[in-house]
Amino acid sequence: MSTGGPRATAAYWLLDAPQSLRAQSHRMSHGAGLGWFSLGNEPVRDRAPLAAFQSTDFALHARNVVSHTFVGHVRDASVGGLTVHNCHPFVMNDRLFAHNGVVKGWDTLRSWLTDVERAHVAGETDSELVFAYISAEIRRRGDTTKGIIEAVGRIGAELPLFSLNLIIAEAGRLWALRYPDSNELWVLSPGTGEPGGAPGGPGRAPGPSGTAPAVVVASEPMDGDPGWRLMTPGELLIVEGLAETSLTPFDPPRHPLRRSDLTAREAASQDLGAGALPEGITFGETAPLGSVTVGNDPAAEPSSTGGIADGVAEPSVQC
């Protein structure tokens, strides 16, 4: 979640929304983490291999920390042990990162990194390796957007992948990617929510001076507000302040993995509720508002993906 400047809390999205990260953690219980930016705009994070609903620190930070940007994550592990080093969000080069998906070809991915770049990786997940490679490309190109496009483009062209949904946050800017269509990623923009909603709810974040508008990105709609928009497969959303720009610079993956290609553990960690594209929508096109169902659908299968969010009032990645 990002407010674009004013500092606020993320309690509604992290704790109180019908599908808050705490609520999702009953399905995704292998770890929880929350990242934000200090008053000096340095990234801070607290994470543990513990379900969010069991973590007193998670609730404490959600109620009391104020920031312009939060990245939250609840983990349903697909690879790696249940250790703090494998919990999201990750921090490198003053950026926060969270990922939902499966990427293979680790030996090839490692070969794209120098020894110094590999030294940033402390855990055992594809997510952290991907972040290290994206960080390396950002440094090589001197621009975050260009680095993300280069890294994701190469991963999509050369590595087997099921999903590479991710959130990257800097102080004042964030990037959200849905790639390809295997898992969903949703965005709630200021002004698209129901009028008169909860003060910490749709498109708003409570802070010391009232509420502030916020952009919220999440793996699933976190409440029944009709303003939630399903991001297009291949869409890279860039939020600077509260201004949103969407790019679709990616080709479909050359080596896409099907659910049947995954191990039982990997498949269990991925979003069972992700469905086909809305009728008439193809890769790289914008899905119209209202073309997908938002809210609780009793016929839908429960999601078991790792939840992420972003925004200042929210992240369900969460960002």
Side-chain angles (χ1 to χ4, degrees), residues 76 78-80 88 90 97-113 125-138 140-141 144-168 175-187 217 219-220 230-238 246-287 292 303-308 317 319:
D76 191 349
S78 60
V79 294
H88 306 224
F90 301 102
F97 174 88
H99 166 237
N100 173 28
V102 175
V103 178
K104 299 198 175 186
W106 291 22
D107 289 342
T108 300
L109 186 52
R110 287 190 187 96
S111 74
W112 297 347
L113 300 171
T125 66
D126 53 348
S127 302
E128 195 175 16
L129 268 176
V130 165
F131 187 29
Y133 177 55
I134 292 174
S135 297
E137 290 295 351
I138 291 172
R140 292 164 191 164
R141 276 150 186 77
T144 303
T145 301
K146 291 179 181 178
I148 293 171
I149 292 172
E150 176 64 26
V152 172
R154 188 177 186 185
I155 291 170
E158 300 187 32
L159 300 183
L161 68 86
F162 179 76
S163 176
L164 186 55
N165 286 7
L166 59 82
I167 293 287
I168 293 177
W175 292 257
L177 172 68
R178 183 188 180 201
Y179 184 74
D181 62 348
S182 309
N183 289 336
E184 296 179 351
L185 195 61
W186 296 78
V187 59
V217 181
S219 295
E220 58 188 82
L230 179 62
M231 288 177 59
T232 302
E235 179 182 352
L236 177 62
L237 176 67
I238 305 166
S246 288
L247 306 177
T248 52
F250 306 110
D251 294 324
R254 291 185 186 173
H255 309 284
L257 296 173
R258 297 167 297 178
R259 200 170 297 276
S260 59
D261 297 320
L262 305 180
T263 67
R265 186 179 179 189
E266 289 168 343
S269 74
Q270 298 307 295
D271 185 1
L272 301 181
L277 295 179
E279 184 177 357
I281 300 298
T282 59
F283 194 95
E285 293 183 357
T286 300
V292 292
S303 164
S304 61
T305 185
I308 59 181
V317 181
C319 157

What distance do [X] atom [atom1] and [Y] atom [atom2] have between them, rounded to the nearest 0.5 Å?
| X | Y | atom1 | atom2 | result |
| --- | --- | --- | --- | --- |
| R178 | N183 | CZ | CG | 8.0 Å |
| L129 | L113 | CG | CG | 7.0 Å |
| L237 | L247 | CG | CG | 9.0 Å |
| L166 | L177 | CG | CG | 4.5 Å |
| W186 | E220 | CH2 | CD | 10.0 Å |
| E137 | I155 | CD | CD1 | 9.0 Å |

Compute whether any side-chain donor of one residue and acceptor of the other, for E235 and T248, lie under 3.5 angstrom apart. no
Can you say whether the rings of Y133 and W112 are parallel (under 30°), tilted (30 to 60°) or perpendicular (over 60°)?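 It falls in the tilted class, 30° to 60°.
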Is the number of heavy atoms from other residues, nucleotides or ligands under 6.0 Å of R254 CZ greater than 12? no
Looking at [Y], is its backbone amide N or carbonyl O close enough to the side chain of [X] to form a donor-acceptor pair, meaning the two atoms are under 3.5 Å apart?
| X | Y | result |
| --- | --- | --- |
| E266 | T263 | yes |
| N165 | N100 | no |
| H88 | H99 | yes |

I'd like a table of donor-acceptor pairs (distance under 3.5 Å, sequence neighbours excluded) in which one partner is a side-chain atom from residues 144-152, with atom names and distances.
| unit_1 | atom_1 | unit_2 | atom_2 | d |
| --- | --- | --- | --- | --- |
| T144 | OG1 | E170 | OE2 | 2.5 |
| T145 | OG1 | W175 | NE1 | 2.9 |

Partner of V130 by side chain to side chain contact (heavy atoms under 4.5 Å, CB included), out of L161, L164, L159: L164
Please name all residues satisfying side-chain contact (heavy atoms from CB on, under 4.5 Å) with T125, sequence neighbours left out, ordered by chain then number. R75, V79, N86, F90, S127, E128
